[in-house]
2 protein chains.
Amino acid sequence: MTYNVEIKVMPLKDLLDPQGKAVLGGLANLGISAVSDVRVGKHIQLTVEAESAEAARSVAEEAARKLLANQVMEHFEVTVA
Amino acid sequence: MTYNVEIKVMPLKDLLDPQGKAVLGGLANLGISAVSDVRVGKHIQLTVEAESAEAARSVAEEAARKLLANQVMEHFEVTVA
C-alpha cells in the first residue's frame, strides 16, 4: 500500500533560531506586531510503499534519523496519513 | 490570549521540487528504497497575541501571504492550536 507520511523537523526549543528571528523582524517591519515569537523548520512529505502504517512510519523515522533531521539541533515528528 | 499557530508552506503540486528530488536521491543512496516521492516545504510556528482563535488565524494568514509563502510557487495551510 501507499502511505503519505509527513515529517515535521523543528529546531530544538533551547536553541536559537536565527531564521525565526529574521522572520519576526520582517513581520514587525510589515506592521504585523501581534506575533511575539517565530520558529522555522522543515515540513517533508514522503510517499512510502509499505505493508502497514507501522512499517511506513518506521521507514520515515529511519529517513528522518539518517538524513532529514540533525538530532543535535533538531527534533522531528512523524505523522502517517 | 496567546495562541500557537502553525503554518505549513509546501511547493505547489504541479511544480518541480528539486530539494525533494535531492532528498529522494539521498534516501536511495542510503538504501531506503520504499520511498517513491519526496516534497520539502517549510513549517513555521508563530506565537500570536490575539483576542480569539479567529483573530490569531487571520494574523497568521496575513503573515503567510505577505512574507512566508510565495503564492506563485507555494501554497500554505494555517492551523491554530
Side-chain angles (χ1 to χ4, degrees), chain A residues 1-13 17 19-52 55-69 74-79 81, chain B residues 1-13 17 19-52 55-69 74-79 81:
Chain A
M1 277 195 50
T2 301
Y3 293 91
N4 283 316
V5 184
E6 314 244 324
I7 305 175
K8 180 172 99 171
V9 181
M10 297 301 293
L12 289 173
K13 281 213 178 63
D17 174 13
Q19 196 179 358
K21 288 282 170 274
V23 169
L24 190 60
L27 291 173
N29 288 341
L30 287 171
I32 302 175
S33 58
V35 178
S36 60
D37 193 37
V38 181
R39 296 188 77 80
V40 180
K42 286 176 287 191
H43 193 97
I44 300 137
Q45 291 178 339
L46 302 182
T47 306
V48 181
E49 307 290 331
E51 289 185 3
S52 67
R57 169 184 296 275
S58 150
V59 167
E61 286 178 350
E62 185 185 3
R65 273 199 317 274
K66 289 192 179 168
L67 184 67
L68 299 168
E74 296 168 326
H75 70 102
F76 66 86
E77 282 176 36
V78 173
T79 313
Chain B
M1 276 196 49
T2 302
Y3 292 91
N4 283 316
V5 184
E6 314 245 324
I7 305 175
K8 180 172 100 172
V9 180
M10 296 300 294
L12 289 174
K13 282 215 178 61
D17 174 13
Q19 196 180 357
K21 287 282 170 275
V23 169
L24 189 60
L27 291 173
N29 287 341
L30 287 171
I32 302 176
S33 58
V35 178
S36 60
D37 192 37
V38 181
R39 296 188 77 79
V40 179
K42 284 176 289 191
H43 192 98
I44 300 136
Q45 291 178 339
L46 302 182
T47 305
V48 181
E49 306 290 330
E51 289 185 2
S52 67
R57 171 184 294 276
S58 150
V59 167
E61 285 178 351
E62 184 185 3
R65 275 199 316 274
K66 290 191 178 170
L67 185 66
L68 299 168
E74 296 168 326
H75 71 101
F76 66 85
E77 282 176 35
V78 173
T79 312

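- Counting heavy atoms from C-beta on, the side chains of Met10(A) and Glu6(B) never come closer than 4.5 Å.
- Annotation: the span from Glu49(B) atom CD to Asp37(A) atom CG amounts to 10.5 Å, rounded to 0.5 Å.
- The contact between Ile32(B) and chain A is made entirely by side chain atoms (from C-beta outward), counting heavy-atom distances below 4.5 Å.
- Interface remark: of the candidates Leu46(A), Val40(A), Val5(A), Leu46(A) forms the most heavy-atom pairs closer than 4.5 Å to chain B.
- Interface remark: of the candidates Val9(B), Asn4(B), Val48(B), Asp17(B), Val48(B) forms the most heavy-atom pairs closer than 4.5 Å to chain A.
- Inter-residue side-chain proximity for Gln45(A) and Lys8(B) is flagged as met; some heavy-atom pair is nearer than 4.5 Å.
- Both the backbone and the side chain of Ala63(B) have a heavy atom closer than 4.5 Å to some heavy atom of chain A.
- Ranked by heavy-atom pairs under 4.5 Å with chain B, the first of Gln19(A), Lys66(A), Lys42(A) is Lys42(A).
- The candidate from Leu27(B), Ile7(B), Val59(B) with the greatest count of non-hydrogen atom pairs under 4.5 Å with chain A is Leu27(B).
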